[in-house]
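Remember, predicted model here, so these are calculated numbers, not experimental data.
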Amino acid sequence: MPRILVRVAALIAVLALLFGVPWWTIVGSPELPAALEVLGTIVFAVAALAVPACMVLGHGPWQRDLAAKIGDLSLGLIWLLFSLSVLGNVLRLVLAVSGVDGAAGIVSGVVLVAFAALAAYGMVEARRVPRLKELDVVLPRLGAGLDGLRFAIITDTHFGPLNRTKWSEKVVEVVNELDADVVAHAGDLADGSVTKRQEQVAPLGKVRAKLGKFYITGNHEYFGEAQAWLDHMRDLGWDTLHNRHAKVRQGGDTLVFAGIDDPTGAASGLPGHGPDLPAALDGVASDTPVVLLAHQPKQVKQAAEAGIDLQISGHTHGGQIWPFHLLVRLDQPVLAGLSRHGERTQLYTSRGTGFWGPPLRVFAPSEITLLTLRNGK
């Protein structure tokens with residue numbers, strides 16, 4: 001079977017599942033009047049056709065922001081409704097087995113109420129200025145002169161079709177209030193071209209850091225203009241760690257901040273792109289502690305083999321919309337927080353500062369992170 005037919009069949013199957021289960025749960029209730037059943041069926045059918053069309057128009061070659069907004073929101077809402085419908089049908093089975101009359105109608109109502117509540121909560125959570133998450137991280141090889149270094153992290157801002165310039169300005173205000181020594185952006189800066197998104201990204205030029213501010217590419221930069229974003233962030237005053245490192249010094253001690261590209265860069269067709277840890281560490285003495293910026297948590301395997309002290313990643317969004325975290329964990333070793341890998345390496349995975357696509361965050365709050373690095377002595 002031609003590959004295109006396989007993809008079309010897979011898309012139809014996914015859409016049938018995403019829309020079919022909620023339709024059967026809500027519209028298929030025997031207690032529902034016939035007129036509402038017909039109306040509901042039409043709504044679900046139109047939505048099932050509109051979502052993929054809007055996603056193609058919004059994120060394909062045409063890059064229509066209005067279509068992207070509609071498609072993104074619709075995709076997030078149907079995922080949430082599908083998930084609640086699956087749970088609702090488990091409840092429906094339990095009620096039916098227990099002999100409760102009108103189980104289908106009860107479940108339909110419960111699912112709709114839960115959906116409305118979680119959708120409203122998710123939209124507010126996604127658009128709010130992220131909460132600050134503070135954590136001490138002990139790096140035994142850190143010199144005494146760098147003990148207490150304040151390291152602020154933002155990641156996965158995903159500036160896109162929904163204009164969030166004001167939100168961007170508020171994020172920068174919070175970061176600057178931290179009075180950090182180092183600030184990092186761990187990738188997935190924006191979705192779209194520099195020309196279309198530079199207004200939202202512009203406030204990042206006002207970020208202040210005493211010793212350095214560093215940026216790496218995420219996978220979404222490689223859906224568009226990765227090199228252009230590296231150049232633009234450099235113009236905004238950020239040190240772009242494109243398979244390279246920089247050193248910060250304080251009190252006679254040195255700490256290396258290295259950065260590598262996202263793995264998708266290897267297939268991007270851009271010369272010199274793709275993760276190259278040996279190049280990033282070239283010239284670094286073996287006894288010097290290293291903080292590595294690598295967008296995806298699964299890159300920690302190579303980091304651990306290289307004896308990296310601390311890796312900073314994003315990418316997972318903490319799942320973003322429950323229960324998508326279950327699928328994220330199939331691809332990534334960690335969902336969020338601090339974890340240990342191998343004898344020396346620690347990994348901090350941020351839940352992300354913004355959101356991708358659907359303007360929803362359900363049980364996966366965003367964050368601005370402040371790590372205080374300690375030597376433990």
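- At most 12 non-hydrogen atoms from other residues, nucleotides or ligands lie less than 6.0 angstrom from CZ of Phe324.
- Looking only at distances, a side-chain donor or acceptor of Arg329 sits under 3.5 Å from a matching main-chain atom of Pro333.
- Summarising the geometry of Gly192 relative to Trp229, their closest heavy-atom pair is O-NE1, 3.1 Å, with the distance given to 0.1 Å.
- Residue Arg244 places its CZ atom among more than 12 non-hydrogen atoms of other residues, nucleotides or ligands, all under 6.0 Å distant.
- Pairing each heavy atom of Lys213 with each of Gly205, the nearest pair is NZ-O, 3.8 Å.
- Looking at Glu221, its side chain does come within 3.5 Å of a backbone N or O of Asp188 through a donor-acceptor pair.
- For Arg197 (side chain) and Leu189 (main-chain N/O), no donor-acceptor pair under 3.5 Å exists by modelled atom type.
- Heavy-atom minimum distance, Ser286 versus Arg141: O-NH1, 2.8 Å.
- When atom types are taken as modelled, the side chain of Arg361 and the backbone of Gly318 share no donor-acceptor pair closer than 3.5 angstrom.
- A single hydrophobic cluster is not seen to contain both Val291 and Leu370; linkage of ILVMFWY side chains at heavy-atom distances under 4.5 Å, directly or through other members, places them apart.
- Between Phe257 and Phe151, the ring centre distance stays below 6.0 Å.
- When each of Asp147, Leu146, Leu255 is checked for a side chain to side chain contact (heavy atoms under 4.5 Å, CB included) with Leu373, only Leu255 meets the rule.
- Only one option out of Leu80, Val86, Ile78 pairs with Pro22 in a side chain to side chain contact (heavy atoms under 4.5 Å, CB included); it is Ile78.
- Between Ala258 and Val290, the closest heavy-atom pair is CB-CG1, 4.2 Å.
- Ser168 places no side-chain N or O within donor-acceptor distance of the main-chain N or O of Val201, the cut-off being under 3.5 Å.
- Formation of a donor-acceptor pair under 3.5 Å by the Gln320 side chain with backbone atoms of Phe355 is not found in this model.
- Nearest heavy-atom pair across Asp262 and Pro275 is O-CD, 3.4 Å.
- Taking a cutoff of 4.0 Å between a charged side-chain nitrogen and a carboxylate oxygen, Asp156 and Arg351 do not qualify as a salt bridge.
- Between His220 and Phe223, the ring planes lie perpendicular to each other; the angle is over 60°, past the 30° to 60° tilted range.
- Here the side chain of Thr349 pairs no donor or acceptor atom with the backbone of Gly314 at under 3.5 angstrom.
- Rounded to the nearest 0.5 Å, atoms OG1 (Thr240) and CG (Asp235) are 9.5 Å apart.
- Between the side chain of Gln332 and the backbone N or O of Lys298, at least one donor-acceptor pair lies under 3.5 Å.
- Counting all heavy atoms, side chain and backbone alike, Ala152 lies closest to Leu178 at CB-CD1, 4.0 Å.
- For the side chain to side chain contact (heavy atoms under 4.5 Å, CB included) criterion with Asn89, the lone passing option out of Val94, Val111, Leu84, Thr25 is Thr25.
- Taking a cutoff of 4.0 Å between a charged side-chain nitrogen and a carboxylate oxygen, Glu134 and Arg150 do not qualify as a salt bridge.
- One distance of note links CG of Leu310 with CZ of Arg340; it measures 10.0 Å at 0.5 Å rounding.
- Shown here is Lys170, whose NZ atom has no more than 12 heavy atoms of other residues, nucleotides or ligands within 6.0 Å.
- Tyr222 has its ring centre less than 6.0 Å from the ring centre of His273.
- Counting heavy atoms of neighbouring residues, nucleotides and ligands inside a 6.0 Å radius, atom CZ of Arg208 does not exceed 12 of them.
- A continuous path of Ile, Leu, Val, Met, Phe, Trp and Tyr side chains, each step under 4.5 Å between heavy atoms, connects Trp322 with Val21, placing both in one hydrophobic cluster.
- At least one donor-acceptor pair under 3.5 Å links the side chain of Asn243 to the backbone N or O of Gly274.
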Would you sort out whether Lys196 and Asp191 count as a salt bridge (Lys or Arg N to Asp or Glu O under 4.0 Å), showing the intermediate values?
CA-CA 9 Å; Lys196 294 186 74 171; Asp191 292 293; over 6 Å; no
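- Put simply, the side chain of Thr217 never gets that close to the backbone of Gly187: no donor and acceptor are under 3.5 Å apart.
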